[in-house]
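For reference, the structure discussed in these notes is given below.
The basis for the numbers below is simple: all heavy atoms, side chains too, and nothing from hydrogens, waters or symmetry mates. Reminder, nothing fancy here: chain letters follow the sequence lines and each chain counts from 1.
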Amino acid sequence: MIVTERFPGKELAYYRALKRRTALPAKEEKNLAVLEKGYRGEYEYDRVFDETGHSSVFVFRDIYLRIGGSVAQYDCLVVSDDGIVVNEIKNYSGLYCYDRGKWYIRDSQVSEDALAQLRRAVGKLVKLRYQVRGQFDITGKIVFPNIEFRLQTNDEELWENVVLRSGLRNYLLQFKNLYAGRVAEEIAELIRGHIVPNPYFDKCADFDVLRKGLYCGSCGGFELENRKYHLVCESCGSKETKETHIIRAISDYKALFLNEKLTKKRFVEFIDYKVSPRTVLRMLNIYCERTWNGAFTYYDFKYQNFEDAYVNSNRLWRYKDYNLKYE
DNA sequence: AACGGCCGCCGTTGCCATAT
DNA sequence: ATATGGCAACGGCGGCCGTT
């Protein structure tokens with residue numbers, strides 16, 4: 001069963017939201033593409049794992065663990081009575097060569113060393129196990145979920161530590177035979193106790209240079225006709241409720257201004273007063289946790305992101321979206 | 001200088017009319 | 001029935017000002 005769900009990370013969410021409202025410099029555009037590709041790989045891995053089934057084990061997706069003063073990121077941890085399996089997911093594509101600790105694609109060396117990362121990730125957990133005098137196994141694999149990935153190496157140790165797309169289904173199927181009882185519960189509890197938010201990303205966008213307003217969820221256009229209940233995109237004709245637009249904007253605001261409080265005043269400025277402040281306030285009170293602070297009342301989005309709020313807010317939508325993208 | 005009452009500011013809420 | 005938004009009332013807080 002899934003203990004922690006995977007969401008697009010802070011950095012990916014930040015650049016996605018930023019791209020909507022500014023022109024990204026080439027360097028950031030490239031960074032965004034790398035992040036998107038990585039996320040697609042994790043998504044593919046999750047998809048196959050969901051298909052093969054994980055009901056008998058505990059699965060942690062995309063977590064950061066603070067162990068002994070430093071924080072390590074884990075793409076996926078599988079916990080059973082046997083112990084912990086670490087999966088480091090790399091969505092590489094193309095022909096990669098590995099030779100004595102170095103990775104190459106075509107003639108250039110790859111900056112990261114997946115095997116070293118896996119060893120570090122496992123090593124951190126070994127340290128944690130030592131701290132609690134635990135008695136369980138910790139193993140790991142590098143998973144390459146991209147069908148276009150080819151690996152060339154004579155290194156036996158590496159081959160023992162990788163799972164290719166062709167073998168992914170079979171690899172994940174083995175977890176069906178594992179069992180999570182009392183021991184697994186304890187390990188899962190131990191892991192849960194060390195989870196921290198991603199400490200490595202704390203960028204904050206420049207409010208003043210961002211394009212203000214609301215944009216179409218289908219084509220991204222900012223030219224919207226303001227009707228009652230709906231905003232209609234003037235370029236593609238998609239019609240979305242004001243509620244949908246506001247949720248999307250709250251989600252973007254959260255991704256863009258990590259260190260900034262969300263206040264109503266700031267928010268209506270962010271959406272360029274496209275929806276009446278009265279309605280905005282109602283939405284904030286539905287989708288956010290409010291903290292009273294005298295003149296400085298602020299709101300915290302209850303959901304991970306737009307999709308999370310859109311799908312998991314259990315409200316009946318009297319007025320529907322007519323978004324061409326999803327039809 | 002310290003205290004306290006008054007007032008205005010600003011954000012929130014209640015209520016209502018209206019559109020769908 | 002429900003979403004929206006206008007309007008007015010409400011309430012917390014800080015500043016102002018007069019009194020002690």
Could you give the [atom1]-to-[atom2] distance, from [X] to [N], as a whole number of Å?
X	N	atom1	atom2	result
A/Tyr229	B/dA17	OH	P	15 Å
A/Lys242	B/dT20	NZ	P	11 Å
A/His245	C/dT4	NE2	P	12 Å
A/Lys239	B/dA19	NZ	P	16 Å
A/Glu243	C/dT4	CD	P	6 Å
A/Ile286	C/dT2	CD1	P	13 Å
A/Lys228	C/dT2	NZ	C1'	10 Å
A/Leu284	C/dA3	CG	C1'	16 Å

Side-chain heavy atoms of A/Arg21 within contact of A/Phe222, under 4.5 Å:
yes
Might you list the N or O atoms of the protein lying below 3.5 Å from N or O atoms in nucleotides 12-16 of chain B, with each pair's distance?
from	atom 1	to	atom 2	distance (Å)
B/dT12	OP1	A/Tyr299	OH	2.6
B/dT12	O3'	A/Arg290	NH1	3.1
B/dT13	OP1	A/Arg290	NH1	2.9
B/dT13	OP1	A/Arg290	NH2	2.8
B/dT13	OP2	A/Asn285	ND2	3.3
B/dT13	OP2	A/Arg290	NH1	3.2
B/dG14	N7	A/Arg278	NH2	3.2
B/dG14	O6	A/Arg278	NE	2.8

Would you be so kind as to tabulate the donor-acceptor pairs closer than 3.5 Å made by side chains of residues 198-211 of chain A, with sequence neighbours excluded?
from	atom 1	to	atom 2	distance (Å)
A/Asn198	OD1	A/Tyr200	N	2.8
A/Asn198	ND2	A/Tyr64	OH	3.2
A/Tyr200	OH	A/Val71	O	2.4
A/Lys203	NZ	A/Tyr15	OH	2.8
A/Asp206	OD1	A/Asp208	N	3.1
A/Arg211	NH2	A/Glu223	OE2	3.4

Give a yes or no answer on whether the side chain of A/Arg248 reaches the backbone of A/Cys216 with a donor-acceptor pair at less than 3.5 Å.
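It does not hold such a pair.
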Can a salt bridge be assigned to the pair A/Glu185 and A/Arg182 using a cut-off of 4.0 Å between side-chain N and carboxylate O?
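So A/Glu185 does not pair with A/Arg182 through a salt bridge.
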Should A/Asp252 and A/Arg20 count as an ion pair when the cut-off is N to O under 4.0 Å?
no
Please tabulate, for the side chains in residues 269-285 of chain A, all donor-acceptor contacts under 3.5 angstrom to protein atoms that are two or more places apart in sequence or on a different chain.
from	atom 1	to	atom 2	distance (Å)
A/Ser276	OG	A/Arg278	N	3.1
A/Ser276	OG	A/Thr279	N	3.3
A/Asn285	ND2	A/Leu281	O	3.1

Tell me whether the rings of A/Phe175 and A/Tyr171 are parallel (<30°), tilted (30 to 60°) or perpendicular (>60°).
perpendicular
Between the axis at one end of the helix from B/dA1-C/dT20 to B/dT20-C/dA1 and the axis at the other (five pairs apiece), what's the angle to 10 degrees?
10°
Does A/His54 have any ring pair (Phe, Tyr, Trp, His ring centres under 6.0 Å) partners at least two apart in sequence or in another chain, and if so, which?
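Here the qualifying residues are A/Phe49.
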Any A/Ser276 side-chain N or O less than 4.0 Å from OP1/OP2 of C/dT4:
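It does not, given that no N or O in the side chain of A/Ser276 lies less than 4.0 Å from OP1 or OP2 of C/dT4.
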How would you list, by chain and number, every residue that makes a side-chain hydrogen bond (donor to acceptor under 3.5 Å, both in side chains) with A/Asp300, sequence neighbours excluded?
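By the side-chain hydrogen bond (donor to acceptor under 3.5 Å, both in side chains) rule, A/Asp300 matches no residue at all.
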